[in-house]
Novice: 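Can you keep this structure in mind? I'll have questions shortly.
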Amino acid sequence: MEKFMEVGATVIQSVRLDEEKDALIILDQTLLPNEKRFLEIKKMEDLWEAIHSLRVRGAPAIGIAAGYGAYLGIKDSAATTFADLYEEFKKVRDYLGSSRPTAVNLFWALDRMEARLKEEADQSVESIKDALKSEAEKIRMEDEQVCEAIGNYALSLLEPGWGILTHCNAGTIATAKYGTALAPIYLGQAEGYDFKVYADETRPLLQGARLTAWELKEAGVDVTLICDNMASIVMKEGRIQAVLVGCDRVAANGDAANKIGTSGVAIMAKHYQIPFYVCAPLSTIDMTCSAGEKIHIELRSEEEITSKWYEKPMAPAGVKAYNPCFDVTDHELITAIITEKGIAYPPYHESLSTMFNK
Ligand SMILES: CSC[C@@H](O)[C@@H](O)C(=O)COP(=O)(O)O
């Protein structure tokens with residue numbers, strides 16, 4: 001943790017519970033890099049909207065928000081029995097679970113909250129509520145340790161001075177701290193690794209330009225922004241020695257869903273013989289999903305392609321647009337999947353299963 005502070009990184013909690021205000025405090029990531037504004041969220045409708053609109057985003061941060069949301073959703077319940085409280089919890093669970101479909105952390109966190117609620121079935125309603133609050137806090141605190149462990153494993157694969165390409169934002173604001181794909185960058189910086197990071201802008205919502213470039217620059221990391229279609233040239237020019245990305249759901253065979261454009265980067269990395277690493281907490285690995293084609297890919301509004309972020313529309317009025325938010329990188333393109341329990345190599349079904357038993 002100190003290492004992270006030493007490098008001057010933006011130690012910013014993108015999601016936290018404010019007990020005095022009885023609210024979830026969320027950094028509105030849609031306003032970055034121009035404005036650092038925190039939202040106070042008390043109503044489930046507002047949390048649903050914040051997840052859906054990507055005010056809070058990135059698989060682990062969505063999971064953390066959902067954990068707190070499950071608590072806030074029942075905190076003021078007038079239920080006097082476990083059964084009544086559970087009925088209310090199920091409504092909150094289903095509602096929050098409908099906010100985005102791809103990142104499995106959302107469902108993982110809600111399932112974990114539900115399991116805790118059931119464990120406490122013979123306790124009073126008030127102590128069940130307390131237990132849910134502490135479970136949500138545990139999810140957030142564990143994520144910090146998980147990200148640090150991923151960062152250390154990933155760092156063991158990298159050499160000082162390397163050029164690293166990343167896509168979307170899998171950094172500190174997408175998690176409790178450190179990020180997944182950006183964790184080795186921060187940890188390496190403290191050790192003098194002097195990485196040169198290339199951040200794909202990541203159309204259409206520009207998480208690479210708005211968020212990754214912002215948080216790395218704030219931390220004093222050498223970061224260069226490129227358009228998505230420049231990844232090939234920087235690889236060909238020998239500027240990239242490794243690709244590091246996060247993910248939203250990894251299937252049991254190692255296929256990994258991440259922000260749209262990731263699979264194209266993996267195809268290019270294979271062409272240029274550059275290692276392609278996916279950083280994945282176990283909470284993002286879905287062993288119940290056998291292969292990538294089973295992963296639900298979120299479709300978002302056409303307006304995100306045609307006009308969002310621009311003063312004037314960037315496309316003719318009424319043109320059709322297709323806006324899948326994620327794509328699936330075939331496991332054959334992935335050099336290794338880096339988890340908090342170690343580095344998984346192909347065949348992934350076997351190596352990922354081992355991670356769960358450590
Ligand atoms: C550690 S975050 C990993 C992924 O969630 C991230 O790479 C990503 O694809 C996020 O998509 P987003 O649509 O911004 O939530």
Side-chain angles (χ1 to χ4, degrees), residues 14-15 26-32 50-66 99-109 140 143-144 146-151 154 165-186 199-212 214-216 228 243-250 256-266 276-286 295-301 304-305 308-309 323-329 334 337-340:
S14 59
V15 192
I26 281 180
L27 172 68
D28 187 344
Q29 297 192 35
T30 63
L31 303 177
L32 291 171
I51 297 174
H52 187 73
S53 304
L54 277 59
R55 298 184 198 288
V56 55
R57 39 108 355 244
I62 293 171
I64 295 165
S99 55
R100 287 191 82 187
T102 307
V104 70
N105 300 58
L106 174 63
F107 309 98
W108 170 88
R140 187 184 62 74
D143 191 58
E144 272 191 38
V146 161
C147 289
E148 189 175 11
I150 289 175
L165 180 77
T166 190
H167 192 77
C168 194
N169 173 270
T172 200
I173 56 175
T175 62
K177 197 170 175 184
Y178 302 105
T180 55
L182 298 192
I185 309 288
Y186 290 126
D200 277 348
E201 64 177 349
T202 318
R203 280 272 287 155
L205 291 183
L206 301 170
Q207 289 93 330
R210 294 186 303 103
L211 310 177
T212 298
W214 172 75
E215 68 162 84
L216 290 178
D228 295 336
V243 177
L244 288 172
V245 295
C247 55
D248 289 84
R249 192 184 294 243
V250 178
N258 190 46
K259 180 54 54 186
I260 192 72
T262 304
S263 72
V265 177
F276 181 93
Y277 298 117
V278 171
C279 297
L282 295 188
S283 55
T284 307
I285 299 172
D286 183 359
I295 298 176
H296 182 157
I297 299 294
E298 178 181 9
L299 277 183
R300 296 185 65 88
S301 81
E304 288 182 349
I305 294 182
K308 202 174 171 90
W309 313 119
N323 186 14
C325 186
F326 299 95
D327 61 22
V328 174
T329 299
I334 300 173
I337 299 176
I338 305 165
T339 78
E340 69 270 33

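For ligands, and for the atoms within them, numbers begin at 1 and follow the listed sequence.
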Novice: Quick one: list whatever passes ring pair (Phe, Tyr, Trp, His ring centres under 6.0 Å) with His52, sequence neighbours left out.
Specialist: Trp48
Novice: Judged by atom type as modelled, is there a donor-acceptor pair below 3.5 Å linking the side chain of Gln29 to the main-chain atoms of Leu54?
Specialist: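 No; zero donor-acceptor contacts below 3.5 Å.
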Novice: Among residues at least two apart in sequence or on other chains, which ones pass salt bridge (Lys or Arg N to Asp or Glu O under 4.0 Å) with Asp228?
Specialist: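 None.
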Novice: How would you list, by chain and number, every residue that makes a salt bridge (Lys or Arg N to Asp or Glu O under 4.0 Å) with Arg55, sequence neighbours excluded?
Specialist: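 Scan of Arg55 (salt bridge (Lys or Arg N to Asp or Glu O under 4.0 Å), adjacent residues dropped) gives Asp28, Glu49.
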Novice: Assess the side chains of Arg57 and Asn169: does a donor N or O sit below 3.5 Å from an acceptor N or O?
Specialist: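 Yes, side-chain donor-acceptor contact under 3.5 Å.
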Novice: Find the distance between OG (Ser14) and CG (Leu32) and round it off to the nearest 0.5 Å.
Specialist: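 Those atoms lie 10.0 Å apart.
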Novice: Any protein N or O within less than 3.5 Å of an N or O in ligand 1? List each pair with its distance, or say none.
Specialist:
from: ligand 1; atom 1: 5 (O); to: Ala59; atom 2: N; distance (Å): 2.8
from: ligand 1; atom 1: 5 (O); to: Asp248; atom 2: OD1; distance (Å): 3.3
from: ligand 1; atom 1: 5 (O); to: Asp248; atom 2: OD2; distance (Å): 2.9
from: ligand 1; atom 1: 7 (O); to: Asn258; atom 2: OD1; distance (Å): 2.6
from: ligand 1; atom 1: 9 (O); to: Asp248; atom 2: OD1; distance (Å): 2.8
from: ligand 1; atom 1: 9 (O); to: Asn258; atom 2: OD1; distance (Å): 2.9
from: ligand 1; atom 1: 9 (O); to: Lys259; atom 2: N; distance (Å): 3.2
from: ligand 1; atom 1: 13 (O); to: Arg100; atom 2: NH1; distance (Å): 3.3
from: ligand 1; atom 1: 13 (O); to: Arg100; atom 2: NH2; distance (Å): 2.7
from: ligand 1; atom 1: 13 (O); to: Lys259; atom 2: NZ; distance (Å): 2.6
from: ligand 1; atom 1: 14 (O); to: Arg57; atom 2: NE; distance (Å): 2.6
from: ligand 1; atom 1: 14 (O); to: Arg57; atom 2: NH2; distance (Å): 3.3
from: ligand 1; atom 1: 14 (O); to: Gln207; atom 2: NE2; distance (Å): 2.9
from: ligand 1; atom 1: 15 (O); to: Gly58; atom 2: N; distance (Å): 3.1
from: ligand 1; atom 1: 15 (O); to: Arg100; atom 2: NH1; distance (Å): 2.8

